[in-house]
Amino acid sequence: MTAFKSDFLNTLQERGFIHQCSDFEGLDALAAKGEAIAYVGYDCTAPSLHIGNYLTMMLLHWFQQSGNKPITLMGGGTTMVGDPSGKDETRAIRTVAEIEANKASIRGVFAKVLRYGDGKSDAIMLDNAEWLTKLNYIDMLRDVGRHFSVNRMLTMDSVRLRLEREQEMSFIEFNYMICQAYDFVELAKRTGCHLQMGGSDQWGNIIMGVDLGRRMGTHQLYALTTPLLTTASGAKMGKTAQGAVWLNADQFSPYDFWQYWRNTEDADVAKFLKLFTTLPMSEIKKLEALGGSEINEAKKVLATEATALLHGRDAANEAAETARRTFEEGALAESLPTVEIPRGELEAGLGVLNAFVKAGLVASNGEARRQIKGGGLRVNDGPVTDEKMALSAANLTPEGVIKLSFGKKKHILLKPA
């Protein structure tokens with residue numbers, strides 16, 4: 001393990017954040033002085049960010065904690081183009097109104113892990129629409145495009161993998177790496193930014209920015225990426241039966257977020273404690289040493305700390321208490337996630353297969369049938385044995401809800417409205 005001069009790189013190395021860096025020595029010297037400025041870009045493709053974005057937010061958090069200045073760059077401009085990285089097909093072109101709505105929905109989450117303000121190490125938020133939408137195409141080709149080699153662009157993973165699979169890549173997507181590289185140069189000129197960080201799939205695009213800066217006369221620029229997030233079993237992290245693990249509470253409740261971490265594989269607990277909590281390493285090492293059934297206590301700490309960081313300590317404690325009452329006492333905790341259904345549907349008789357699909361516990365009626373055959377679905381803690389069962393007002397608990405369960409850890413309350 002390399003000993004760095006800067007708290008920033010030492011922290012990142014100790015906690016497992018580092019995958020690649022363009023120049024460790026140069027970046028280390030800059031960060032050790034507390035003079036570095038770094039950014040991560042976030043496109044506005046959905047109303048919420050997700051777990052993968054959370055990892056890069058933690059990069060910015062530790063960067064700020066070490067006395068350096070972070071920038072969150074909203075991709076109001078690049079979202080109009082669409083990042084081809086890791087995609088098999090062209091992203092849907094979103095309207096300006098959709099992008100603006102997504103941007104407004106996303107912005108608030110950053111303040112959970114970063115401190116914004118006017119101080120030396122306070123974070124700032126910018127939007128690349130401010131400069132990308134004002135570019136003149138011919139000037140862009142002459143001043144910026146001339147520095148790019150098509151030969152080299154074709155070797156970048158975001159392009160090469162798509163072409164190797166003989167999947168079409170639009171010209172607008174091909175330009176994405178140029179826009180991202182230009183962002184880096186523009187931020188270097190406007191703010192003095194030195195470093196761009198991102199996931200490992202962004203390495204080629206970031207390096208393009210470092211190279212463009214050199215060609216366009218900026219100060220020295222640096223690149224740093226995190227490893228691809230996978231679980232110990234090799235699955236891509238951040239997916240559940242309900243879909244993506246979103247960071248906005250209205251798209252993925254604090255309770256669901258808590259449960260997501262509680263269900264972590266044993267082999268991943270220590271890794272995720274390092275990446276997704278701010279617990280001191282001394283505490284993490286104690287939790288890492290737990291074995292057998294005690295590992296469940298470490299999972300609860302992971303779930304509570306990760307949820308507290310994003311949704312606040314009160315929400316995390318409430319989620320932990322809801323889980324305890326539900327699983328340890330068998331009680332019906334009213335703070336379980338709730339899905340409202342029209343009262344008329346219940347009065348007419350709501351098919352059990354349809355109910356589990358509406359609750360988001362299964363993706364289809366077919367999946368519900370398979371789970372019933374395997375004994376995986378329950379209504380009010382009783383096993384479902386008949387796929388033709390219909391739910392009615394008679395199934396309402398004294399609290400006026402119907403509890404649907406998938407396995408032991410996924411529960412939804414259906415509430416007539």
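Only this structure's heavy atoms are used, side chains among them; waters, hydrogens and symmetry mates stay out.
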Please say which of Met80, Lys103, Arg94 ends up in a side-chain contact (heavy atoms from CB on, under 4.5 Å) with Cys44.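 Only one option passes, and that is Lys103.
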What residue among Asp183, Leu126, Leu60 forms side-chain contact (heavy atoms from CB on, under 4.5 Å) with Tyr39?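 It is Asp183; the other options fail the test.
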Donor-acceptor pair, [X] side chain versus [Y] backbone, under 3.5 Å?
{"X": "Lys5", "Y": "Ala31", "result": "no"}
{"X": "Ser105", "Y": "Ala101", "result": "no"}
{"X": "Asp139", "Y": "Leu135", "result": "no"}
{"X": "Asp28", "Y": "Leu9", "result": "no"}
{"X": "Asn68", "Y": "Ile37", "result": "no"}
{"X": "Lys299", "Y": "Arg262", "result": "no"}
{"X": "Asn248", "Y": "Ser48", "result": "no"}
{"X": "Asn10", "Y": "Asp7", "result": "no"}
{"X": "Thr307", "Y": "Ala316", "result": "no"}
{"X": "Thr155", "Y": "Arg152", "result": "yes"}

Taking atom [atom1] of [X] and atom [atom2] of [Y], what is their separation to the nearest 0.5 Å?
{"X": "Lys358", "Y": "Leu404", "atom1": "NZ", "atom2": "CG", "result": "12.0 Å"}
{"X": "His147", "Y": "Met216", "atom1": "NE2", "atom2": "CE", "result": "5.0 Å"}
{"X": "Asn205", "Y": "Gln196", "atom1": "CG", "atom2": "CD", "result": "8.0 Å"}
{"X": "Ile284", "Y": "Arg15", "atom1": "CD1", "atom2": "CZ", "result": "4.0 Å"}
{"X": "Thr231", "Y": "Asp268", "atom1": "OG1", "atom2": "CG", "result": "5.5 Å"}
{"X": "Gln64", "Y": "Leu114", "atom1": "CD", "atom2": "CG", "result": "5.5 Å"}

Would you indicate whether the side-chain heavy atoms of [Y] and [X] approach each other to under 4.5 Å?
{"X": "Val269", "Y": "Ile295", "value": "yes"}
{"X": "Thr72", "Y": "Val40", "value": "no"}
{"X": "Ser253", "Y": "Trp246", "value": "no"}
{"X": "Leu141", "Y": "Arg146", "value": "no"}
{"X": "Pro337", "Y": "Leu413", "value": "no"}
{"X": "Arg190", "Y": "Trp131", "value": "yes"}
{"X": "Thr264", "Y": "Phe276", "value": "no"}
{"X": "Ile99", "Y": "Val96", "value": "no"}

Verdict with reasoning, Arg115 to Ser121, per side chain to side chain donor-acceptor pair (under 3.5 Å): CA-CA 9 Å; Arg115 182 187 68 255; Ser121 63; 2.9 Å; yes
Go through the steps for Gln180 and Ile206 under the test side chain to side chain contact (heavy atoms under 4.5 Å, CB included), then give the verdict. CA-CA 7 Å; Gln180 185 171 337; Ile206 298 174; 3.9 Å; yes
For the pair Phe257 and His311, name the ring-plane relationship: parallel under 30°, tilted 30 to 60°, perpendicular over 60°.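 Rings of Phe257 and His311: perpendicular, over 60°.
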Can you name the residues that form a salt bridge (charged side-chain N to carboxylate O under 4.0 Å, His left out) with Arg343, not counting sequence neighbours?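 In terms of salt bridge (charged side-chain N to carboxylate O under 4.0 Å, His left out), with neighbours along the sequence ignored, Arg343 is linked to no residue.
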Partner residues of Asp23 under the salt bridge (charged side-chain N to carboxylate O under 4.0 Å, His left out) criterion, sequence neighbours left out: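 Checked Asp23 against salt bridge (charged side-chain N to carboxylate O under 4.0 Å, His left out); zero matches.
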Salt bridge between [X] and [Y], side-chain N to carboxylate O under 4.0 Å?
{"X": "Glu305", "Y": "Arg313", "result": "yes"}
{"X": "Glu321", "Y": "Arg324", "result": "yes"}
{"X": "Lys300", "Y": "Glu297", "result": "yes"}
{"X": "Asp256", "Y": "Lys410", "result": "no"}

Proximity of Phe24 and Phe4 rings by center, below 6.0 Å: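 They qualify: ring centres under 6.0 Å apart.
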Under the side chain to side chain contact (heavy atoms under 4.5 Å, CB included) criterion, do Arg214 and Thr218 qualify, and how do the steps go? CA-CA 6 Å; Arg214 179 179 59 80; Thr218 71; over 6 Å; no
Under 3.5 Å side-chain donor-acceptor pair for Thr56 and Tyr42: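 A donor-acceptor contact under 3.5 Å links the two side chains.
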Determine, stepwise, if the pair Glu173 / Ser170 fulfils side chain to side chain donor-acceptor pair (under 3.5 Å). CA-CA 5 Å; Glu173 289 178 288; Ser170 68; 3.3 Å; yes
What closest approach, in Å, do [X] and [Y] show between heavy atoms, and which atom pair accounts for it?
{"X": "Ser200", "Y": "His19", "value": "CB-CD2, 3.5 Å"}
{"X": "Ala123", "Y": "Tyr116", "value": "O-CD2, 3.2 Å"}
{"X": "Leu391", "Y": "Ala355", "value": "CD1-CB, 3.7 Å"}
{"X": "Ile372", "Y": "Val384", "value": "CG2-O, 3.4 Å"}
{"X": "Leu195", "Y": "Phe184", "value": "C-CZ, 3.7 Å"}
{"X": "Glu367", "Y": "Ala363", "value": "OE1-N, 2.8 Å"}

Between Asp43 and Thr45, does the side chain to side chain donor-acceptor pair (under 3.5 Å) criterion hold? Intermediate values first, please. CA-CA 6 Å; Asp43 277 349; Thr45 54; over 6 Å; no
One pair to check against side chain to side chain contact (heavy atoms under 4.5 Å, CB included): Met197 and Leu224. What are the steps and the verdict? CA-CA 5 Å; Met197 302 187 288; Leu224 189 148; 4.2 Å; yes
Given Trp261, which of Phe272, Phe252, Tyr54, Tyr255 fulfils the ring pair (Phe, Tyr, Trp, His ring centres under 6.0 Å) condition?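 Single pass found, and it is Phe272.
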Can you sort out the partners of Tyr222 under ring-ring contact (aromatic ring centres under 6.0 Å, His included), two or more places apart, ordered by chain and number?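 If we apply the ring-ring contact (aromatic ring centres under 6.0 Å, His included) test to Tyr222, skipping adjacent residues, there are no hits.
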Just wondering, are more than 12 heavy atoms of other shown residues or ligands nearer than 6.0 Å to CZ in Arg107?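 No, the 6.0 Å shell around CZ holds no more than 12 heavy atoms from other groups.
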So Thr278 and Trp62, side chain to side chain contact (heavy atoms under 4.5 Å, CB included) or not? Walk me through it. CA-CA 9 Å; Thr278 56; Trp62 292 116; 4.1 Å; yes
